[in-house]
Novice: 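Here it is, the structure in full.
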Amino acid sequence: MRAITPKHIEAYQKGCLKKLFDVIVNDPELSFEIRKNNEVIVYYRKGKILTIKYTDKNEFQIKPLDKGYYKDVTQIDLFETKNLAYTLKNISYLRNYFKEAKKLVYNHKVGLEFSVQQNIALGNRNFNNRFLVVDMEWQFSQAKISKTDRIGKTRIDLIIVDTQANEFGINDIYLTELKVGIGAVEGESGIIDHIKKTKAIIDKEGVCKDLKNDIESIIEIKSRLGLIEGERKVLNLSSKPKMMIILAYRGKQEKEQLEEQARIAIDEAKKIGMCAPLIKSHDLQITLK
């Protein structure tokens, strides 16, 4: 289950990780996500920019940006872990680390989808909104599952909860796929593959149970850390998730191409006995008023 211990939480609230946490949450380009094994991963454009782990020995292990992002760079000054206590107290140093690390990730992974994904997460972390983004880049761990029962590996862009209960008094969970611009148009085979992989998750009772447990745990922790705003709601989470597809476009042509992808997805869902995905459209053009 995705969770961190009370001592780990306390370190962000008033302990040795508070200054680091403050720098992270005040940077709208960074995403603070709860992971398994008492670990937190900070993302920038889907890149793991910092990993924080609290060990069984009550020690923190901090892993900075992987060298794969800057293997061709000859000189670099990144996160200093040898004198960790000093580093964690130095706000200007921490800010500079993220500034430099973001440049490296950006140059390594140029793509509009990454920033749109984070902006959607940033704009939907309030209980007062209809939709609440709980997690990014969710993936089901299959380490303890026999090879014959495993499903195809897939990473979910966003885990979203509907804070408004449906007609049965249930708060729907959505496994959300984000499609941004013409670059997201993969043809019929690509979108059909997404539908099949999503159905494989929905059809596995154990996966659905793990997902629900993760959501409950993440909401609890992020609420305590002030990462979800608004008056907390009691959510009666669905035992089985649905699918959502977000279409982000910049003009008529992109909108039409993405809507065709959505039609293919809906048709495939009906064909394989899956609930049709909820389609949400978002215009990336900015109109000045």
Side-chain angles (χ1 to χ4, degrees), residues 2 4 8 12 17 19-54 60-81 84 87-88 91-125 133-141 153-160 175-181 183-184 186 194 197 214 218 221-222 225 227 246 248 282 284:
R2 284 160 171 74
I4 58 176
H8 194 164
Y12 295 117
L17 298 179
K19 289 185 178 179
L20 174 63
F21 182 69
D22 289 344
V23 169
I24 293 168
V25 297
N26 286 316
D27 187 333
E29 294 183 319
L30 300 178
S31 295
F32 181 96
E33 303 298 343
I34 312 299
R35 292 295 175 252
K36 294 184 177 182
N37 302 317
N38 210 3
E39 188 174 88
V40 163
I41 294 179
V42 182
Y43 290 92
Y44 169 69
R45 300 172 69 87
K46 291 192 179 183
K48 296 178 183 179
I49 206 165
L50 197 72
T51 302
I52 309 162
K53 184 175 179 63
Y54 191 60
F60 286 100
Q61 293 177 350
I62 296 184
K63 180 183 176 183
L65 186 67
D66 189 88
K67 290 183 179 179
Y69 286 98
Y70 56 94
K71 58 185 177 182
D72 297 325
V73 180
T74 54
Q75 291 185 336
I76 190 105
D77 181 24
L78 281 181
F79 204 93
E80 177 57 61
T81 55
L84 190 57
T87 301
L88 292 173
I91 290 180
S92 61
Y93 184 94
L94 295 170
R95 285 175 179 162
N96 188 66
Y97 163 73
F98 287 114
K99 179 182 177 182
E100 296 303 315
K102 284 193 292 185
K103 288 180 183 178
L104 295 169
V105 174
Y106 183 87
N107 290 333
H108 184 78
K109 285 187 172 184
V110 177
L112 179 60
E113 181 178 330
F114 306 130
S115 56
V116 174
Q117 181 189 28
Q118 284 192 291
N119 286 340
I120 291 172
L122 185 66
N124 295 277
R125 57 183 191 186
V133 173
V134 177
D135 198 11
M136 291 172 52
E137 300 298 299
W138 185 86
Q139 188 172 28
F140 176 61
S141 175
K153 285 186 178 181
T154 187
R155 219 177 267 275
I156 305 301
D157 290 335
L158 298 163
I159 299 295
I160 295 178
L175 306 176
T176 305
E177 175 74 16
L178 174 63
K179 298 289 184 185
V180 180
E186 307 160 306
H194 282 303
K197 285 182 176 180
D214 279 347
I218 292 169
I221 293 166
K222 285 189 173 182
L225 289 171
L227 295 174
I246 300 176
H282 177 64
L284 293 175

Novice: Around atom NZ of Lys63, are there more than 12 heavy atoms of other residues, nucleotides or ligands at under 6.0 Å?
Specialist: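 Count not over threshold, so no.
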
Novice: Considering all heavy atoms of both residues, which atom of Val116 and which atom of Ala248 are nearest to each other, and what is their separation?
Specialist: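 Shortest heavy-atom contact: CG1-CB, 4.3 Å.
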
Novice: Using the rule given for side-chain contact (heavy atoms from CB on, under 4.5 Å), can you reason through Arg2 versus Trp138, listing the C-alpha separation, both sets of side-chain angles and the distance that settles it, and then say yes or no?
Specialist: CA-CA 10 Å; Arg2 284 160 171 74; Trp138 185 86; 3.3 Å; yes

Novice: Is a side-chain donor or acceptor of Gln139 paired with a backbone partner of Arg155 at a separation under 3.5 angstrom?
Specialist: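 The answer is no, because no donor-acceptor pair under 3.5 Å joins these two groups.
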
Novice: As a quick check of understanding, evaluate side-chain contact (heavy atoms from CB on, under 4.5 Å) for Leu50 and Tyr97, giving each step before the final call.
Specialist: CA-CA 10 Å; Leu50 197 72; Tyr97 163 73; 3.9 Å; yes

Novice: Tell me if a side-chain donor or acceptor on Asn38 pairs with a main-chain N or O of Ile4 at a distance below 3.5 Å.
Specialist: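 Not a single qualifying donor-acceptor pair exists.
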
Novice: Working to the nearest 0.5 angstrom, can you tell me the gap between Ile24 CD1 and Leu227 CG?
Specialist: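 Rounded to the nearest 0.5 Å, the CD1-CG separation comes out at 9.5 Å.
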
Novice: Not counting sequence neighbours, which residues clear side chain to side chain contact (heavy atoms under 4.5 Å, CB included) with Lys46? List them please.
Specialist: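 If we apply the side chain to side chain contact (heavy atoms under 4.5 Å, CB included) test to Lys46, skipping adjacent residues, the hits are Lys109, Glu113, Phe114, Gln117, Glu137, Asp157.
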
Novice: Please state whether the rings of Phe32 and Phe21 are parallel, tilted or perpendicular, taking 30° and 60° as the class boundaries.
Specialist: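 Perpendicular, since the angle between the ring planes exceeds 60°.
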
Novice: Indicate yes or no for a side-chain donor-acceptor contact from Asp135 to the backbone of Ile159 under 3.5 Å, with no hydrogens or angles considered.
Specialist: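 Absent.
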
Novice: In sequence, state the C-alpha distance, the side-chain angles, and the governing distance for Glu100 and Lys102, and then conclude on salt bridge (charged side-chain N to carboxylate O under 4.0 Å, His left out).
Specialist: CA-CA 5 Å; Glu100 296 303 315; Lys102 284 193 292 185; over 6 Å; no

Novice: Should Ile41 and Glu39 count as side-chain neighbours, where that means a heavy-atom distance under 4.5 Å?
Specialist: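 Yes - at least one pair of side-chain heavy atoms lies under 4.5 Å apart.
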
Novice: Partners of Tyr44 by ring pair (Phe, Tyr, Trp, His ring centres under 6.0 Å), sequence neighbours excluded?
Specialist: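 Per chain and number, Tyr44 pairs via ring pair (Phe, Tyr, Trp, His ring centres under 6.0 Å) with no residue.
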
Novice: In Å, rounded to the nearest 0.5 Å, how long is the span from NE2 of His8 to CG of Leu225?
Specialist: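 So the gap between those two atoms works out to 9.0 Å.
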
Novice: Just how far is it from atom CZ of Arg35 to atom NZ of Lys48, taken to the nearest 0.5 Å?
Specialist: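 Between Arg35 CZ and Lys48 NZ, I get 8.0 Å after rounding to 0.5 Å.
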
Novice: Can you confirm whether Ile52 sits close enough to Leu20 that some side-chain heavy atom of one is under 4.5 Å from a side-chain heavy atom of the other?
Specialist: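 Yes - at least one pair of side-chain heavy atoms lies under 4.5 Å apart.
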
Novice: Would you find a donor on one side and an acceptor on the other, under 3.5 Å apart, between the side chain of Lys99 and the backbone of Leu94?
Specialist: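 The answer is no, because no donor-acceptor pair under 3.5 Å joins these two groups.
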
Novice: With distance as the sole test, does Asp27 use its side chain to make a donor-acceptor pair with the main-chain N or O of Val23 at under 3.5 Å?
Specialist: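 No; judged by distance alone, with no hydrogens or angles, the pair does not exist.
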
Novice: Any donor-acceptor pair under 3.5 Å linking the side chain of Asp66 with the backbone of Gly68?
Specialist: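 Indeed, once roles are kept as given, a pair shorter than 3.5 Å links the two residues.
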
Novice: Please check: side-chain N/O of Lys222 versus main-chain N/O of Val134, any donor-acceptor pairing under 3.5 Å?
Specialist: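 Yes, the answer is positive, given that a donor and an acceptor are paired below the 3.5 Å cut-off.
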
Novice: Quick one: do Tyr12 and Val40 satisfy side-chain contact (heavy atoms from CB on, under 4.5 Å)? Show the steps, please.
Specialist: CA-CA 11 Å; Tyr12 295 117; Val40 163; 3.6 Å; yes

Novice: Once rounded to the nearest 0.5 Å, what's the spacing between atom CZ of Arg95 and atom CG of Asn26?
Specialist: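 With rounding to 0.5 Å, CZ (Arg95) is 7.5 Å from CG (Asn26).
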
Novice: Donor-acceptor pair, distance only, cut-off 3.5 Å: does the side chain of Asn96 make one with the backbone of Ser92?
Specialist: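 Flag not set: sc Asn96 to bb Ser92 has no pair under 3.5 Å.
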
Novice: Measure centre to centre between the rings of His108 and Tyr70, then say whether the value is under 6.0 Å.
Specialist: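 No, too far apart.
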
Novice: When you measure from the side chain of Gln118 to the backbone of Tyr43, do you find a donor-acceptor pair of N or O atoms at a distance under 3.5 Å?
Specialist: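 Present.
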
Novice: In Å, rounded to the nearest 0.5 Å, how long is the span from CG of Leu122 to OG of Ser31?
Specialist: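 The OG atom of Ser31 is 7.5 Å from CG of Leu122, to the nearest 0.5 Å.
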
Novice: Looking at every heavy atom in both Leu158 and Ala121, which two are closest together, and how far apart are they?
Specialist: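 Where Leu158 meets Ala121 most closely, the heavy atoms are CD2-CB, 4.3 Å.
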
Novice: To the nearest 0.5 Å, tell me how far Ile246 CD1 sits from Ile120 CD1.
Specialist: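 These two atoms lie 4.0 Å from each other.
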
